[in-house]
Amino acid sequence: MQYWLMKSEPDVYSIDDLRKDKTDHWEGIRNYQARNFIRDEMARGDLAFFYHSSCDEPGITGIMKIHKTAYPDFTAFDPEQKYYDPKSDPDNPRWFMVDVRYVRKLKRNISLKELKLHEPLNDMRLLQRGNRLSIMPVTETEWNYILELE
DNA sequence: GCCAACGTTGGC
DNA sequence: GCCAACGTTGGC
């Protein structure tokens, strides 16, 4: 069982959207490192933080569960879609996605600013300078520490 | 809206 | 295989 952090811009898709939908596919990953995590390492039942990025208060807002393991990201095949990628061939897909299931919102938003204040979290991938990965692993220690802040 | 940091592309 | 140019991410 592994832990993850997954970023989404709340204007595009927020924790409240997922709460409404209960389960949804996580589309649009177009970065190889993130894809490899999705395709090779995510297992059903893994837990993930839902992180809001590019917004007033970037931070962790909720928890979700990996509901279905990786399958081809079909939005890459459709020229009408924002995430269309002509280089992803249905017979040899380049991009993948998982289905996630809503678990719960945190009692409060734990902001990026706050996370930075905690020395035990200094090594978090999220906090490394220049980090742009939208999907990254979180250690069990970090996971539990963050939930203690709630 | 700015811009630093990073990933990707493509010419050579 | 190098690296400059370009596009994107995402905090501020």
Side-chain angles (χ1 to χ4, degrees), chain A residues 2-21 24-42 46-66 69-139 141-143 145-150:
Chain A
Q2 291 198 77
Y3 299 95
W4 303 95
L5 181 144
M6 298 166 76
K7 296 180 184 173
S8 180
E9 299 183 22
D11 290 348
V12 179
Y13 197 78
S14 73
I15 185 75
D16 288 321
D17 292 324
L18 182 61
R19 183 170 60 168
K20 231 178 306 150
D21 295 339
D24 205 359
H25 55 272
W26 200 266
E27 69 187 44
I29 299 303
R30 298 292 179 268
N31 167 284
Y32 290 105
Q33 245 185 309
R35 180 208 60 187
N36 293 347
F37 284 137
I38 281 185
R39 190 190 57 187
D40 306 334
E41 294 189 40
M42 276 190 176
D46 283 359
L47 291 173
F49 283 132
F50 195 123
Y51 179 92
H52 279 174
S53 66
S54 297
C55 56
D56 284 349
E57 196 185 64
I60 295 168
T61 60
I63 296 173
M64 55 194 167
K65 189 180 277 198
I66 307 304
T69 51
Y71 58 103
D73 184 337
F74 52 81
T75 66
F77 306 141
D78 180 357
E80 301 293 309
Q81 291 272 348
K82 178 184 173 201
Y83 294 113
Y84 174 58
D85 181 356
K87 291 183 208 142
S88 189
D89 177 351
D91 291 330
N92 183 22
R94 178 177 295 202
W95 305 116
F96 289 79
M97 58 184 165
V98 293
D99 287 353
V100 294
R101 187 168 184 81
Y102 177 80
V103 174
R104 68 178 178 89
K105 288 176 83 164
L106 297 190
K107 295 181 196 110
R108 64 187 187 85
N109 192 46
I110 300 177
S111 70
L112 177 64
K113 199 165 66 179
E114 179 175 352
L115 293 171
K116 284 178 178 167
L117 297 175
H118 292 271
E119 197 273 334
L121 300 178
N122 283 356
D123 289 335
M124 267 190 93
R125 197 93 177 248
L126 179 72
L127 304 184
Q128 303 314 303
R129 86 187 300 243
N131 170 65
R132 290 169 20 183
L133 256 192
S134 61
I135 293 186
M136 66 191 85
V138 173
T139 69
T141 310
E142 290 160 355
W143 179 275
Y145 186 90
I146 290 167
L147 286 182
E148 288 289 315
L149 301 176
E150 191 185 5

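Residue numbers start from 1 in every chain, and the chains themselves are labelled A, B, ... in the order their sequence lines are given, proteins ahead of strands.
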Return the value, rounded to whole Å, for the distance between atom [atom1] of [X] and atom [atom2] of [N].
X        : N     : atom1 : atom2 : value
A:Arg94  : B:dG7 : CZ    : P     : 17 Å
A:Asp85  : C:dG7 : CG    : C1'   : 14 Å
A:Arg30  : C:dT8 : CZ    : C1'   : 14 Å
A:Ile135 : B:dC6 : CD1   : C1'   : 17 Å
A:Asn31  : C:dT8 : CG    : P     : 14 Å

Provide a list of protein-nucleic acid N or O atom pairs under 3.5 angstrom, restricted to nucleotides 9-12 of chain C.
unit_1: C:dG10; atom_1: OP1; unit_2: A:Lys7; atom_2: NZ; d: 3.0
unit_1: C:dG10; atom_1: OP1; unit_2: A:Arg132; atom_2: O; d: 3.0
unit_1: C:dG11; atom_1: OP1; unit_2: A:Tyr51; atom_2: OH; d: 2.7
unit_1: C:dG11; atom_1: OP2; unit_2: A:Ser54; atom_2: N; d: 2.9
unit_1: C:dC12; atom_1: OP1; unit_2: A:Lys116; atom_2: NZ; d: 2.8

Discussion item. Test salt bridge (charged side-chain N to carboxylate O under 4.0 Å, His left out) on A:Asp73 and A:Arg35; report intermediate values, then the result.
Written reply: CA-CA 10 Å; A:Asp73 184 337; A:Arg35 180 208 60 187; over 6 Å; no
Worksheet item: What class does the angle between the rings of A:Phe49 and A:Trp143 fall in, given that below 30° is parallel, 30 to 60° is tilted and above 60° is perpendicular?
Response: parallel
Worksheet item: Can you name the residues that form a salt bridge (Lys or Arg N to Asp or Glu O under 4.0 Å) with A:Lys105, not counting sequence neighbours?
Response: A:Asp16
Item to complete: Spell out, as yes or no, whether a donor-acceptor pair under 3.5 Å connects the side chain of A:Arg30 to the backbone of A:Tyr83.
Response: yes
Discussion item. Using a 3.5 Å distance criterion without hydrogens, assess whether the side chain of A:Ser111 forms a donor-acceptor pair with backbone atoms of A:Glu57.
Written reply: no
Item to complete: Check whether the ring centres of A:Phe50 and A:Trp4 lie less than 6.0 Å apart, and answer yes or no.
Response: no
Worksheet item: If every non-hydrogen atom of A:Leu133 is compared with every non-hydrogen atom of A:Asn31, which pair is closest and at what distance?
Response: CD2-OD1, 3.5 Å
Worksheet entry | Bending between helix ends of the helix from B:dG1-C:dC12 to B:dC12-C:dG1 [5 pairs per end, 10° resolution] | 10°
Item to complete: Indicate yes or no: at least one non-hydrogen side-chain atom of A:Tyr71 is less than 4.5 angstrom from one of A:Asp99.
Response: yes
Worksheet item: Which part of the nucleic acid, if any, lies within reach of A:Arg129 when heavy atoms closer than 4.0 Å are counted: base, sugar-phosphate only, or nothing?
Response: sugar-phosphate
